[in-house]
There are 2 protein chains.
Amino acid sequence: MQRRITIKEVAEAAGVGVATVSRVLSGGSASAETREKVLAAAARLDYRPSALGRNLRRQRTGGIGLLVPDITDSFYARLADGVLSCARSYGEPVTVGVTGDDPEREAELIGTLIEQSMDRLIAVPSGDGEMWGPALRAGLNVVFADRRVRADVPSVVPDDRAGVLTAVEYLAGLGHRKIAYLGRHGQSQRVAAFTSAIASLGLPADRDLVVHARSSRDSAYAAAAGLLQHRADVTAVIAGGNVLGEAAVLAARELDVRIPRDVSLIMFDDVPWAELCSPPLTVISQPAQDIGYRAAELVFRQGRRPPAVTLPTQLVVRASCGPKASARR
Amino acid sequence: MQRRITIKEVAEAAGVGVATVSRVLSGGSASAETREKVLAAAARLDYRPSALGRNLRRQRTGGIGLLVPDITDSFYARLADGVLSCARSYGEPVTVGVTGDDPEREAELIGTLIEQSMDRLIAVPSGDGEMWGPALRAGLNVVFADRRVRADVPSVVPDDRAGVLTAVEYLAGLGHRKIAYLGRHGQSQRVAAFTSAIASLGLPADRDLVVHARSSRDSAYAAAAGLLQHRADVTAVIAGGNVLGEAAVLAARELDVRIPRDVSLIMFDDVPWAELCSPPLTVISQPAQDIGYRAAELVFRQGRRPPAVTLPTQLVVRASCGPKASARR
DNA sequence: CTGAAAGCGCTAACAC
DNA sequence: GTGTTAGCGCTTTCAG
């Protein structure tokens with residue numbers, strides 16, 4: 001391992017003190033002449049300031065941490081892409097962790113990040129936000145993405161209320177009355193929006209009409225299949241994410257229930273394959289990449305920040321919804 | 001920002017010296033009694049050793065860097081997931097960067113990682129491997145994933161030769177002779193395998209039958225559309241990745257060329273939607289997550305490492321390939 | 001405007 | 001077995 005050039009060597013090469021080098025390189029004041037000398041020496045030696053040294057001294061890390069439930073889920077991948085893209089413009093590294101929507105694992109990852117003295121963190125929180133107390137008190141600069149679970153943490157979220165309402169209204173307009181919501185744990189926001197939308201349209205309320213899956217394809221499939229199997233009376237389902245939508249289509253095929261003839265399907269999150277699917281899926285598109293980007297902007301912002309920014313969703317009608325079918329069986 | 005507990009405070013609380021605390025916490029020798037005291041004090045104060053301090057002293061970072069062309073591409077997302085999963089078992093953080101398959105951007109990211117004193121790096125290299133010289137000489141512990149562009153860097157790659165050969169043979173068996181390869185830049189391996197497979201089966205060689213796209217959906221679509229439009233004589237295409245496959249299906253629909261009636265399609269990389277697609281896509285599946293996991297194992301391994309590990313691919317026949325059609329138009 | 005010096009938190013010699 | 005101490009590379013007072 002080749003030894004690394006240090007500020008001291010640059011100072012010697014330039015014939016100045018280390019403090020001067022530090023100042024010049026961080027844009028402090030210096031005479032034009034000195035500046036020149038230092039810059040030349042640094043360039044000549046190909047000097048790279050050690051982030052370790054700087055961070056230790058400064059007692060903070062520039063970089064940012066990013067916690068997502070599942071990087072394999074297109075939605076979170078796009079969200080991450082947004083964060084990465086913003087961070088790149090700041091030249092700051094981002095450390096990502098996968099929580100699997102498990103609060104325990106999340107806490108563990110937060111611990112790792114704290115050990116790194118990472119003081120900026122973007123997270124799709126997995127629990128109800130309780131365990132964030134300590135981290136917050138420790139001074140961690142956190143912003144939540146996709147889910148808003150605490151009022152004291154700035155959050156960037158899609159407009160769940162509007163999105164769900166649009167979906168439910170659209171389905172109701174097609175004559176559906178028994179509409180199910182297939183969600184994943186941690187989406188309390190959305191479930192609340194769903195039940196309230198159902199209520200506001202005077203549709204029959206039924207707790208069993210919302211089904212939850214954990215953060216895995218298997219779990220999603222099981223939930224979807226269970227719903228389709230046991231509730232032959234539901235004529236429409238809203239899948240709370242692309243993995244759930246995928247599971248719903250798969251389960252429907254397996255169980256030989258036809259979309260949209262037997263049941264209509266609306267999926268949250270527009271993904272490229274939604275259009276290629278048979279039938280093409282009607283979706284509520286969400287600005288995943290934007291959510292990430294905005295969250296990153298927020299976490300880099302020093303001053304007072306808005307408590308929440310809500311980004312619009314959009315209904316994209318394709319071919320997975322039809323008029324209410326007579327109940328199956 | 002709450003001040004952080006330091007080793008010194010733990011030492012005082014336990015009534016021992018700092019070195020002892022350090023030793024105990026890193027599993028060094030100490031009497032049972034002291035160990036007890038230290039552990040108790042550390043737990044009581046909720047002490048978190050600062051990675052910054054340790055790394056500065058040690059002159060290295062535990063964590064690992066990961067460079068992928070596009071985190072939004074399911075293949076790389078799964079690869080990343082594998083890396084993350086392995087790193088988690090070591091309790092080490094991973095810093096990810098997106099190169100967009102651009103060597104310049106890649107170099108920039110490597111620079112950032114070096115500033116962090118990151119000494120372990122997993123990369124899907126974007127160029128021909130030339131620019132890796134300096135980084136390697138600087139002692140960076142690199143392993144390549146998905147692509148093998150330098151013999152002096154351990155690599156974990158899918159078995160491109162076998163995969164491509166299988167695909168070409170399958171297609172040839174169906175009667176196809178004009179087979180095109182739709183790849184992305186940087187996949188030189190695969191292109192070589194393709195041309196050699198074509199040759200070994202005695203099919204007509206034609207340089208224009210391999211088309212390249214850059215790392216974006218738009219570029220992929222343009223390449224696919226161009227191929228389908230200008231080469232009405234090709235009756236089968238192999239897409240070198242899921243993004244390219246998606247683009248091919250989309251372009252085919254747009255141009256009203258039917259799969260598999262007008263052209264057969266084999267896609268590299270099996271993704272959940274391949275089965276949901278209309279028609280379901282025949283694919284060469286690749287162990288993306290495994291590639292990442294194995295690469296991570298390698299980068300953590302200290303001693304001598306195998307120069308390359310090749311992971312098997314598999315042909316999954318679905319419905320996107322048919323017998324050779326008469327040339328369109 | 002510039003240099004000397006004091007640490008940031010930690011580990012690894014080195015003494016005891 | 002345990003404590004003391006010297007830095008790792010850097011920024012930031014504080015003098016000059």
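In what follows, chains carry the letters A, B, and so on, assigned in the order in which the sequence lines appear, proteins first and then strands, with residues in each chain numbered from 1.
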Sequence neighbours excluded - side chain to side chain donor-acceptor pair (under 3.5 Å) pairs with any residue from residues 291-301 of chain A: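 Listed by first then second residue: nothing to list.
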
Show the numbers, then the answer: is there a side-chain hydrogen bond (donor to acceptor under 3.5 Å, both in side chains) between R184(A) and S215(A)? CA-CA 7 Å; R184(A) 63 193 286 172; S215(A) 156; 3.0 Å; yes

Aromatic ring pairing W132(A)/F144(A), orientation class (parallel under 30°, perpendicular over 60°, tilted between):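 It falls in the perpendicular class, over 60°.
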
Just by protein heavy atoms under 4.0 Å, how would nucleotides 9-16 of chain D read 5' to 3' in B, S and -? BBBB----

When you look at R78(A) and S74(A), which way does the side-chain hydrogen bond (donor to acceptor under 3.5 Å, both in side chains) test go after all the steps? CA-CA 6 Å; R78(A) 285 176 290 140; S74(A) 165; 3.2 Å; yes

Taking 4.0 angstrom as the limit, do R214(A) and D101(A) come out as a salt bridge?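 Judged by the 4.0 Å cut-off on N to carboxylate O distance, R214(A) and D101(A) do not form a salt bridge.
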
Would you call R88(B) and E108(A) a salt bridge, taking side-chain N to carboxylate O under 4.0 Å as the test?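 Looking at R88(B) and E108(A), the cut-off is met.
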
Do R35(B) and S31(B) meet the criterion of a side-chain donor-acceptor pair at a distance under 3.5 Å?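 No, no side-chain donor-acceptor contact under 3.5 Å.
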
Between which nucleotides of DNA chain C, 5' to 3', does chain A make heavy-atom contacts below 4.0 Å?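 For DNA chain C, the relevant span reads dC1(C) to dG9(C).
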
